Amino acid sequence: MANAASSSISQTELLAIPLHLVLPLPCSESECLGINREHILCHASSYAFLVLIANIEEYAPIVYTPTVGLVCQNYSGLFRRPRGMYFSAEDRGEMMSMVYNWPAEQVDMIVVTDGSRILGLGDLGVQGIGIAIGKLDLYVAAAGINPQRVLPVMIDVGTNNEKLLNDPLYLGLQEHRLDGEEYLAVIDEFMEAVFTRWPHVIVQFEDFQSKWAFKLLQRYRNMYRMFNDDVQGTAGVAIAGLLGAVRAQGRPMIDFPKMKIVVAGAGSAGIGVLNAARKTMARMLGDTDIAFESAGSQFWVVDANGLITEGREKIDPDALPFARKIKEANRQGLREGASLVEVVRQVKPDVLLGLSAVGGLFTKEVLEALKDSTSTRPAVFAMSNPTKNAECTPDEAFSIVGDSTIFASGSPFKDVDLGNGHIGHCNQGNNMYLFPGIGLGTLLSGSRIISDGMLQAAAECLAAYMTDKEVLEGIIFPSISSIRDITKQVAAAVIKEAIEEDLAEGYREMDARELRKLSHEDIESYVENNMWSPEYPVLVYKED
Ligand SMILES: NC(=O)c1ccc[n+]([C@@H]2O[C@H](COP(=O)([O-])OP(=O)(O)OC[C@H]3O[C@@H](n4cnc5c(N)ncnc54)[C@H](O)[C@@H]3O)[C@@H](O)[C@H]2O)c1
Ligand SMILES: O=C(O)C[C@H](O)C(=O)O
Ligand SMILES: [Mg+2]
């Protein structure tokens with residue numbers, strides 16, 4: 001045991017350690033009191049998590065969006081020491097040994113990125129590791145995953161960011177990105193290595209450019225315990241928000257299939273939302289092929305080249321199911337490539353949802369056009385991150401579209417004072433409300449894979465979290481201060497669904513048979529009892 005009288009560290013000193021520079025690994029020596037200098041940072045980590053959990057509203061914007069974006073943009077210059085694991089294209093053939101060299105015996109959660117699309121900031125190469133670190137900080141804070149068992153991973157296959165390729169401080173491989181089969185071989189090798197050493201680990205894919213996001217998801221989702229947060233986590237959060245927007249009009253959720261939705265952005269996030277929203281509508285309409293077809297006609301998708309119709313040349317296959325028929329578009333006064341403002345004017349949508357990464361895309365003109373929405377409470381979801389990439393601000397939405405607008409943004413904004421004691425609520429529509437619960441629920445159920453049903457259960461749980469009163473006031477997402485409770489409930493819903501789908505194989509002493517015996521309340525207690533909370537020894541001793 002370390003000597004209590006040796007060098008100690010003050011709480012003030014600890015507070016001065018920026019959260020982003022603190023390791024997510026607390027000291028593994030159970031007897032260590034954290035008073036040896038070499039262990040200070042380890043215990044600072046526990047301390048940092050305590051501070052983060054207790055003040056999540058204040059600190060989430062630092063460890064997470066928007067500050068994490070700034071950190072990633074400047075990571076090579078800010079770098080002090082490594083956190084997590086870096087696999088480079090040059091490590092081919094060595095990844096298995098590298099994984100076996102990682103000091104933690106068990107890893108529960110990996111967040112992996114190749115840095116190719118960091119928030120709305122583009123290709124940041126190896127500097128994107130900050131995103132994996134930030135997401136895992138939330139896994140610890142919101143889901144109570146033990147910080148000794150999380151692993152941020154960067155797969156460095158180069159970068160196509162010319163600025164970084166010419167930056168002498170850049171930490172990663174200064175060559176263009178690997179592509180095609182060579183790229184796939186690197187990711188395959190990584191997946192095989194981590195699942196060989198830790199068969200029960202869950203791998204969250206984060207901020208991969210959409211070109212690879214869908215392909216990798218399809219490649220691995222039936223083989224490994226993995227999901228893509230930008231595609232699937234975002235979809236669930238958007239569905240919960242969309243259902244909230246229906247309820248906020250005083251209508252039942254079952255009216256969702258009647259909503260007209262304009263989506264700006266057809267990348268990994270936009271297409272993920274579109275697919276999930278269409279499936280949800282189809283289910284509500286009876287889950288037939290006809291229902292699925294008819295649900296498709298509720299969406300208008302606008303990307304960098306305008307409205308997507310079947311007339312588009314070289315249409316992205318992922319966007320094809322949402323391309324409007326040309327004749328029908330013409331009947332609506334629209335055409336291939338119509339601008340966002342034209343689409344909003346003609347469609348008069350209930351919801352305008354942005355996942356375009358283009359700050360200010362919802363211009364005054366676009367928002368003015370939304371005033372003619374056929375909805376009593378039009379919804380504006382400016383979901384792109386970080387803050388400067390939001391399609392509009394809540395002030396713009398409330399002042400132009402009107403006080404009854406339902407507003408959500410990916411990054412946090414302050415509520416808007418509408419005068420006369422009225423508040424325009426700014427909801428944070430961010431996948432942080434789901435990914436921690438999806439990961440925790442998968443871990444504790446021991447499910448072999450992460451099924452669509454488990455993701456749907458997570459989304460429905462989040463949608464049901466808000467009371468009618470809150471929703472009518474325009475509050476469609478909970479406050480981040482309750483994220484631990486939300487995560488617990490989402491995890492319980494995921495476990496329940498995994499049991500129902502016969503995917504749950506159990507976790508530790510809770511085997512599949514025991515799991516099946518649990519009531520809903522038992523599952524919630526099981527989740528709560530397995531959430532890690534920071535407990536750390538006294539760091540400052542007073543001399544009596
Ligand atoms: N709130 C959340 O939880 C959440 C989750 C995931 C992603 N996001 C954000 O969504 C954004 C997009 O992510 P992605 O992975 O889909 O990126 P992406 O690069 O794959 O896709 C961007 C899409 O926007 C389109 N676009 C570009 N300019 C446009 C314009 N002027 N008008 C309309 N569309 C335009 C592009 O054509 C493309 O289809 C990012 O800012 C990201 O941070 C937010
Ligand atoms: O990281 C976030 O804040 C949400 C999302 O995963 C994104 O890529 O923007
Ligand atoms: Mg992301």
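The structure displayed is predicted, hence computed values, not measured ones.
- At least one side-chain heavy atom of Val366 sits under 4.5 Å from a side-chain heavy atom of Thr363.
- The closest side-chain heavy-atom distance from Cys72 to Leu121 is not below 4.5 Å.
- Judged by distance alone, the side chain of Asp207 and the main-chain N or O of Leu119 form a donor-acceptor pair under 3.5 Å.
- When all heavy atoms of Val301 and Ala266 are compared, the pair lying nearest together is CG1-CB, 3.8 Å.
- No side-chain N or O of Glu206 forms a donor-acceptor pair with one of Thr113 less than 3.5 Å apart.
- For Ser482, the side chain to side chain contact (heavy atoms under 4.5 Å, CB included) partners are Tyr465, Pro478, Ser479, Ile486, not counting sequence neighbours.
- Ring planes of Phe413 and Phe407: perpendicular class, angle over 60° (limits at 30 and 60°).
- Every residue meeting the side chain to side chain contact (heavy atoms under 4.5 Å, CB included) condition with Gln428, not counting sequence neighbours, appears here in chain and number order: Thr65, Pro412, Asn430, Met432.
- A side-chain donor-acceptor contact under 3.5 Å links Arg484 to the backbone of Ala141.
- Proximity of a side-chain donor or acceptor of Ser116 to a complementary backbone N or O of Phe208 within less than 3.5 Å is not detected.
- Although no hydrogens or angles enter the test, the distance criterion places a donor-acceptor pair under 3.5 Å between the side chain of Trp198 and the main chain of Glu105.
- With hydrogens and angles ignored, the 3.5 Å screen pairs a side-chain donor or acceptor of Tyr220 with a backbone N or O of Asp188.
- Tested against Asp123 for a salt bridge (Lys or Arg N to Asp or Glu O under 4.0 Å), the candidates Lys211, Arg177, Lys163 yield a single pass: Arg177.
- No more than 12 heavy atoms of other residues, nucleotides or ligands sit less than 6.0 Å from atom CD of Glu192.
- Evaluation of the side chain to side chain contact (heavy atoms under 4.5 Å, CB included) rule for Leu217 yields Arg221, Met226, Asn228, Val231, Gln232 as partners, not counting sequence neighbours.
- Under the rule for a salt bridge (Lys or Arg N to Asp or Glu O under 4.0 Å), Arg197 has no partner lying at least two apart in sequence or in another chain.
- At least one side-chain heavy atom of Met466 sits under 4.5 Å from a side-chain heavy atom of Ile475.
- Without hydrogens or angle criteria, Ser384 side chain to Ala357 main chain gives a donor-acceptor distance under 3.5 Å.
- With sequence neighbours excluded, no residue forms a salt bridge (Lys or Arg N to Asp or Glu O under 4.0 Å) with Lys215.
- Tyr183 meets the side chain to side chain donor-acceptor pair (under 3.5 Å) test with Asp114; sequence neighbours excluded.
- Side-chain atoms of Arg448 never come within 3.5 Å of backbone atoms of Gly446 as a donor-acceptor pair (strictly under, hydrogens ignored).
- Not counting sequence neighbours, Asp156 has no partner by the salt bridge (Lys or Arg N to Asp or Glu O under 4.0 Å) test.
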Using atom types as modelled, flag every donor-acceptor pair under 3.5 Å from a side chain in residues 90-98 to any protein atom, sequence neighbours excluded.
residue	atom	partner	partner atom	Å
Asp91	OD2	Ser88	N	2.7
Arg92	NE	Ala89	O	2.8
Arg92	NH2	Ala89	O	3.4

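- Taking the six-membered ring where the residue is Trp, Phe195 and Tyr224 present parallel rings, their angle staying beneath 30° rather than reaching 60°.
- In this view, Phe227 satisfies the ring-ring contact (aromatic ring centres under 6.0 Å, His included) rule with no residue, not counting sequence neighbours.
- Judged purely by atom type and a 3.5 angstrom limit, Asp137 has no side-chain atom pairing as donor or acceptor with the backbone of Val63.
- Although no hydrogens or angles enter the test, the distance criterion places no donor-acceptor pair under 3.5 Å between the side chain of Tyr59 and the main chain of Ala54.
- Put simply, the side chain of Asn427 never gets that close to the backbone of Gly429: no donor and acceptor are under 3.5 Å apart.
- With sequence neighbours excluded, no residue forms a salt bridge (Lys or Arg N to Asp or Glu O under 4.0 Å) with Glu497.
- With sequence neighbours excluded, no residue forms a ring-ring contact (aromatic ring centres under 6.0 Å, His included) with Phe381.
- With sequence neighbours left out, Ala458 forms a side chain to side chain contact (heavy atoms under 4.5 Å, CB included) with Leu434, Ile438, Val490, Val494.
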